[in-house]
Amino acid sequence: MAAETPVRTLIAPAEMNRRTGRFLYRFVLVLTLIGFTLTFVFPLYWMTTGAMKSSAELADPDPTFLPQSWHPESYADAWTNVGLGHYFLNTLILALGAWLTQLLVDVSAAYALSKLRPLLGNVVLGMMLATLMLPVSALLVPTYLTVVDVPLFHVNLINTPFAIWLPAAANAFNIFILKRFFDQIPAELLDSARIDGAGTLRVLVSVVLPLSRPVLAVVSIFAIVGVWKDFLWPMLVLPDEAGQPITVALNRLSEFMPANQLLAGMAMAAVPLLVLFLIFQRHIIAGLTAGSLKG
Amino acid sequence: MTVQPLSSAVAKSTGQEQGDPAGAGPPAPARTDAAPRPAGSRLRRTVRENLVAYLFLAAGVLCFALFSWYPIVRGALLGFQQVTFAQPAQWVGLDNFQRLIDDPLFLTAWKNTGYFTLLALVFGFAAPFVTAVVLNELRHGRSYLRMTVYLPVMLPPIVTMLLWRWFYDPGPGLFNNVLEVFHLPAQQWLESENLAMVSLVLVSTWANMGTTTLIYLAALGGIPGELYEAAELDGASIRQRLWHVTIPQMRFILMITLLLQVIGTMQVFVEPFVLTGGGPDDATVTVLLLLYRYAFVYNDFGLASAMSTLLFVVLGLFAGVYLRLTRTKG
């Protein structure tokens with residue numbers, strides 16, 4: 001986006017170039033830069049440095065901009081003493097498992113719907129897409145009861161990671177964008193692979209998937225971010241404290257933990273997603289805007 | 001349950017692009033079979049191909065059947081049942097709904113939710129729009145600004161809530177300190193009956209405006225520059241151009257986000273759950289918070305489901321409008 005040619009927008013270039021225009025532009029620019037930094041970046045700074053202040057300094061009604069004395073060890077304390085490291089790894093397992101399950105289930109389903117085109121495939125797709133129209137919270141109770149006693153199998157998934165992974169796989173949004181991407185892959189490519197003797201699975205793995213990297217990236221990011229951020233559902237289906245993700249553990253422990261260690265824990269829960277965002281910014285923003293507009 | 005507001009909102013708008021699932025995608029590619037096969041095996045081949053296809057589809061269909069389609073049907077029925085873990089569900093007709101209406105908190109929850117939604121629209125609708133319009137004019141630091149406004153969206157909501165709970169703290173909290181700098185009176189933020197809901201809306205807006213801003217920004221980038229040039233030639237001032245070009249051009253996307261925002265904010269949960277627990281004096285008890293209490297504190301799943309049903313009906317009205325809009329436009 002850096003090298004985009006200036007497009008005509010609300011304010012004309014001539015208006016911008018006038019003396020008052022230039023002054024106003026700079027004024028607004030500086031105001032926006034400062035305002036945004038204060039509003040959106042400063043809280044993160046406040047959180048990460050707050051964790052390094054002493055408890056007494058944190059409780060002081062006159063906050064200090066920089067810690068008077070640095071206590072980076074509260075991160076280590078939160079990680080080991082409070083055991084947030086354990087919950088952090090739980091989150092990692094939940095997120096990676098949900099990511100794998102979603103890729104496995106949704107890619108093969110989208111492949112079947114897009115390229116294998118079984119009878120009634122469109123009916124199945126329609127029924128999947130229809131679920132997107134339902135508010136998530138309306139299904140909270142019945143889905144919970146289903147997880148407690150899964151029909152047909154009669155197993156109780158409470159306190160198992162499957163309670164997170166399997167419902168996450170029923171993701172119509174993933175199937176929809178995967179299918180839309182697969183639809184663009186020319187049938188000739190698949191046919192020629194077939195003529196070379198590739199089976200249905202081989203075509204998926206060696207032809208379709210390598211071509212689908214961009215969409216796989218979008219699905220992967222949304223899958224991991226989704227599970228990492230989730231709070232209510234894991235709180236309900238993982239009541240056993242040992243198996244909880246860091247988000248649920250933080251809320252439970254927030255009353256008892258020393259403030260600086262709580263802040264350290266919050267920073268640790270946030271960092272992986274922020275890093276993911278800094279690396280995949282382009283993918284995330286492109287996925288967001290391309291997905292929501294007529295892209 | 002793990003579908004995030006972000007992805008589901010995106011999905012909701014993309015879902016429409018397809019318009020008709022039946023005609024989805026390009027028409028089935030006519031298979032140009034290299035060698036004609038004997039006619040007798042054709043049926044067998046079709047059956048085999050379908051079997052293979054459904055094999056690939058099986059896991060997906062099973063997941064949807066168990067964790068989506070079945071809960072939908074069950075959810076519709078649960079509101080009319082009494083459910084305990086001890087014995088099979090019993091039909092109780094409209095009892096649950098009667099009990100809902102008898103609960104004095106029921107009306108409070110709806111009023112609070114309506115108030116939250118209204119406030120969230122005032123803040124959450126104006127802020128991203130103004131931000132996007134300003135960002136669209138800036139020629140410097142755009143990618144930095146775009147990144148920062150999206151940062152809160154990447155925070156786990158629980159972290160956001162705990163962070164803001166600390167900011168709102170009347171003692172060492174940041175907000176009262178800022179007010180003090182400007183010689184303004186300290187506020188009770190979350191403990192004040194009047195201010196508690198506003199405080200929740202502020203957090204919510206901060207956390208979620210990134211998504212909407214980026215969507216608006218993309219839409220603004222799609223407005224043809226000639227329209228502005230023409231308006232300028234006609235002597236339209238900047239404000240008139242905003243009113244007569246920008247806003248009409250954005251009307252569709254504004255409507256869409258408005259509806260999605262209503263649907264999203266009416267399901268507010270984490271904010272009151274973590275920050276106020278419904279207090280002070282039930283001023284922030286929302287529909288979903290009450291539903292949560294019914295189901296997971298009192299274990300009254302029938303009552304909670306009756307509440308879900310009502311919420312579903314109300315949100316369904318908005319979803320219906322949304323569908324109509326996107327159908328005709330799409």
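Keep in mind that the numbers below use all heavy atoms, side chains included, and drop hydrogens, waters and symmetry copies.
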Worksheet entry | Region of A:Leu31 in contact with chain B, defined by heavy-atom distances below 4.5 Å | neither
Worksheet item: If you count heavy-atom pairs under 4.5 Å with chain B, which of A:Thr247, A:Val150, A:Leu145 comes out on top?
Response: A:Leu145
Practice prompt. Output, in order, the C-alpha distance, side-chain angles, deciding distance and verdict of side chain to side chain contact (heavy atoms under 4.5 Å, CB included) for A:Tyr25 and B:Arg139.
Written response: CA-CA 9 Å; A:Tyr25 173 78; B:Arg139 298 281 165 269; 3.3 Å; yes
Practice prompt. Evaluate side chain to side chain contact (heavy atoms under 4.5 Å, CB included) for B:Ser68 paired with A:Met127, printing each intermediate quantity in order.
Written response: CA-CA 10 Å; B:Ser68 202; A:Met127 280 172 67; over 6 Å; no
Worksheet item: Heavy atoms, side chains only, cut-off 4.5 Å: are B:Leu57 and A:Ser108 in contact?
Response: no
Worksheet item: Where does A:Thr39 contact chain B at under 4.5 Å (heavy atoms): side chain, backbone, both or neither?
Response: both
Worksheet item: Checking heavy atoms, do the side chain of A:Leu204, its backbone, both or neither come under 4.5 Å from chain B?
Response: side chain
Response to the item:
Bottom line for A:Ala12: the part with an atom under 4.5 Å from chain B's heavy atoms is both
Worksheet, complete the sentence: Whatever's closer than 4.5 Å to a heavy atom in chain A on B:Glu229 counts as both
Worksheet item: Is there a donor-acceptor pair closer than 3.5 Å between any side-chain N or O of A:Trp228 and the backbone N or O of B:Met154?
Response: no
Fill in: Spatial distance of atom CG (A:Leu139) from atom CH2 (B:Trp69) [nearest 0.5 Å]
13.5 Å
Discussion item. Under 4.5 Å from any heavy atom of chain B, what part of A:Leu236 do you find: side chain, backbone, both or neither?
Written reply: side chain
Worksheet item: Ring centres of B:Tyr144 and A:Phe36 under 6.0 Å apart?
Response: no
Worksheet entry | Between A:Ile246, A:Thr32, A:Asp149, the one whose heavy-atom pairs under 4.5 Å with chain B are most numerous | A:Thr32
Practice prompt. Kindly assign one of parallel, tilted or perpendicular to the pair B:Tyr150 and A:Phe277, based on the angle between their ring planes and the thresholds 30° and 60°.
Written response: tilted
Item to complete: Mind listing the closest non-hydrogen atom pair of A:Ala270 and B:Leu155 along with its distance?
Response: CB-CD2, 3.6 Å
Item to complete: Check the pair B:Leu174, A:Phe42 against side chain to side chain contact (heavy atoms under 4.5 Å, CB included), reporting the backbone distance first and the verdict last.
Response: CA-CA 11 Å; B:Leu174 200 56; A:Phe42 183 72; 3.8 Å; yes
Worksheet item: A:Met235 versus B:Tyr292: any side-chain heavy-atom pair under 4.5 Å?
Response: yes
Response to the item:
Taken to the nearest 0.5 Å, the spacing of B:Asn136 CG from A:Thr9 OG1 works out to 5.5 Å
Response to the item:
The interface call for A:Leu120 against chain B, heavy-atom contacts under 4.5 Å, is both
Practice prompt. Take the angle between the ring planes of A:Tyr144 and B:Phe296 and call it parallel below 30°, perpendicular above 60°, tilted in between.
Written response: perpendicular
Worksheet item: Which heavy atom in B:Ile238 sits nearest to a heavy atom in A:Leu10, and how many Å separate them?
Response: O-CD1, 3.8 Å
Worksheet item: Which value, rounded to the nearest 0.5 Å, describes the distance between A:Phe162 atom CZ and B:Phe67 atom CZ?
Response: 10.5 Å
Discussion item. Between A:Leu274, A:Leu262, A:Leu250, A:Leu232, who has the most heavy-atom pairs with chain B when the cutoff is under 4.5 Å?
Written reply: A:Leu232
Worksheet item: Of the non-hydrogen atoms in B:Leu288 and A:Ser137, which two are nearest, and what is the gap between them?
Response: CD1-CB, 3.3 Å
Worksheet item: Is there a donor-acceptor pair closer than 3.5 Å between any side-chain N or O of A:Lys229 and the backbone N or O of B:Val153?
Response: yes
Discussion item. With heavy-atom distances below 4.5 Å as the criterion, would you say the side chains of B:Phe64 and A:Ile175 are in contact?
Written reply: yes
Discussion item. Whether the side chain of B:Asn50 engages the backbone of A:Leu119 through a donor-acceptor N/O pair (distance < 3.5 Å, no angle test) should be reported.
Written reply: yes
Fill in: chain B contact via A:Phe153 - side chain, backbone, both or neither, heavy atoms under 4.5 Å
side chain
Item to complete: Would you kindly say whether A:Thr143 and B:Arg74 are connected by a side-chain donor-acceptor distance under 3.5 Å?
Response: no
Worksheet, complete the sentence: Interface check, chain B: of A:Ala112, A:Ala109, A:Ala138, A:Pro118, most non-hydrogen pairs under 4.5 Å belong to A:Pro118
Item to complete: Tell me, for B:Leu310 versus chain A, whether the close heavy atoms (under 4.5 Å) come from the side chain, the backbone, both or neither.
Response: neither
Worksheet item: When you look at A:Leu113 and B:Phe56, which way does the side chain to side chain contact (heavy atoms under 4.5 Å, CB included) test go after all the steps?
Response: CA-CA 9 Å; A:Leu113 290 171; B:Phe56 275 86; over 6 Å; no
Discussion item. Can you confirm whether A:Leu273 sits close enough to B:Pro156 that some side-chain heavy atom of one is under 4.5 Å from a side-chain heavy atom of the other?
Written reply: yes
Worksheet, complete the sentence: Tightest non-hydrogen contact, residues B:Trp166 and A:Gly50, listed as CH2-CA, 4.3 Å
Worksheet entry | Engaged part of A:Val148 at the chain B interface, taking heavy atoms whose separation is under 4.5 Å | side chain
Worksheet item: For A:Ala172, is it the side chain, the backbone, both or neither that has a heavy atom under 4.5 Å from a heavy atom of chain B?
Response: both
Worksheet item: Is any side-chain heavy atom of B:Leu163 closer than 4.5 Å to a side-chain heavy atom of A:Trp46?
Response: no
